[in-house]
Amino acid sequence: MPRKKKAAIIAVANQKGGVAKTTTVASLAAAFAEHGKQVLLIDLDPQASLTFSLGIDPDVVELSTNEVVLGQAEMADALVEASEGIDLLPASIDLAGAEAQLLTRPGREFILQSVIDEVRDDYDVVLLDCSPSLGVLTLAALTAATGLIIPMQAEMLSHRGVGQLLDTVRDVRRLLNKKLKVIGILPTMYDGRSNHSREVLGDLGERYGLPVLTPPIPRTVRFAEAPAIGRSVLDTAGSSKGAQAYREVAEGLLPQL
Ligand code: ADP
Ligand code: MG
């Protein structure tokens, strides 16, 4: 019998905050799960927005990304089921401390690759929600990843810093992970009525020499409402225009899983 294809590991990163990394991870996860895919999410941000947005209180999780990357807990013991087909390795505030502790650990760039490997066969896709920095955990995410999605707000000012991210990607590819592929830039919070946004969208791919994923994710009020605990974005975002756009992006990615 042919072996099942190894799970794709997709890092969603941009060291700028507020560009919809977390929203992208949660929405793509929901869309992949609708296609029957088994999805693993890893929250790498000490602010734990992904964990929170999936209806899990980061203050009460016992085992989190923190313990797993420090080797104090097994990945399998720390996973929680966020919804049908979607498991989460939750974050807690302690993760900021873990980042500091990892700085003196040998092999720190490989820590996520190694812990994901333990469970990779159980999933079709692993999505890594990076923090807004190019710190140790983001480097570890890029080292573990087979693909990178860069969410970017579809207006000029938010593009500063992308050059730095792409330099980092080049270094990671050269020294740590030859397999890392930039899947593309994902334009988020797009306002199709604004000439400015349309112009920026038009020259985005050319400027960075990267694919631009389509369709762009429209700015919608549904995403701006912070979900309350116990009510996850996976349940609430279902029918919005934004969720629909994410579904189309996810469909475009399915052949790569
Ligand atoms: P990041 O993880 O990059 O910091 P988030 O996903 O947390 O970004 O999004 C930042 C804020 O923007 C959140 O309040 C989120 O609800 C909101 N947001 C995300 N995508 C959209 C969108 N398409 N339209 C409107 N608001 C959005
Ligand atoms: Mg985030």
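Whatever order the structure lists ligands and atoms in, that order sets their numbers, starting from 1. Just so you know, these numbers use all the heavy atoms, side chains as well, and skip hydrogens, waters and symmetry mates.
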Query raised in the report: Backbone N or O of R105 within a donor-acceptor pair of the R108 side chain at under 3.5 Å?
Result: yes
**Report entry** For E67, side-chain hydrogen bond (donor to acceptor under 3.5 Å, both in side chains) partners two or more places apart
**Finding:** S64
Query raised in the report: Looking only at distance, does K21 have an N or O less than 3.5 Å from an N or O of ligand 1?
Result: yes
Query raised in the report: Which atoms from ligand 1 have a heavy atom of V19 less than 4.0 Å away?
Result: 1 (P), 3 (O), 8 (O)
Query - Donor-acceptor pair, side chain of S49 and main chain of D45, under 3.5 angstrom - result: no
Requested in this report: Heavy-atom contacts with A20 under 4.0 Å: which atoms of ligand 1 show up? List them by number with element.
Outcome: 1 (P), 3 (O), 5 (P), 6 (O), 8 (O), 9 (O), 19 (C), 20 (N)
Requested in this report: Compute the shortest N/O to N/O distance between R219 and ligand 1 and return yes if it is under 3.5 Å, no if not.
Outcome: no
Query raised in the report: Is the closest N or O pair between T22 and ligand 1 shorter than 3.5 Å?
Result: yes
Report summary line: Checked the Mg ion (ligand 2): protein N, O or S atoms closer than 2.8 Å come out as T22 OG1
Report summary line: The residue among T24, I185, I150 that forms side chain to side chain contact (heavy atoms under 4.5 Å, CB included) with N14 is I150
**Report entry** Non-hydrogen atoms of T143 and E109 that approach each other most closely
**Finding:** CB-O, 3.2 Å
Report task. Keeping the roles fixed (side chain from S83, backbone from I86), state whether a donor-acceptor pair exists under 3.5 Å. Result -> no
Report summary line: So the atoms of ligand 1 within less than 4.0 Å of a heavy atom of G18 turn out to be 1 (P), 3 (O), 4 (O), 8 (O), 10 (C)
Report task. Nearest 0.5 Å please: distance from the CD1 atom of I149 over to the CG atom of L186. Result -> 6.5 Å
**Report entry** Per-residue contact class, P218 against ligand 1 - non-hydrogen pairs under 4.0 Å
**Finding:** backbone
Report task. Report yes if some heavy atom in the side chain of L44 is under 4.5 Å from a heavy atom in the side chain of T65; otherwise report no. Result -> yes
Report task. Check whether any heavy atom of P132 sits under 4.0 Å from an atom of ligand 1. Result -> no
Query raised in the report: Is T188 reaching over with its side chain to a backbone N or O of V19, donor-acceptor style, under 3.5 angstrom?
Result: yes
Query raised in the report: Is G17 close to ligand 1, meaning an N/O of one under 3.5 Å from an N/O of the other?
Result: no
Query raised in the report: Does the T22 side chain pair with the main chain of L50, one donor and one acceptor, at a distance under 3.5 Å?
Result: no
Query raised in the report: Between T220 and ligand 1, is there a nitrogen or oxygen pair with a distance under 3.5 Å?
Result: yes
Query raised in the report: Is Y246 reachable from I10 through a run of I, L, V, M, F, W or Y residues, each pair having side-chain heavy atoms under 4.5 Å apart?
Result: yes
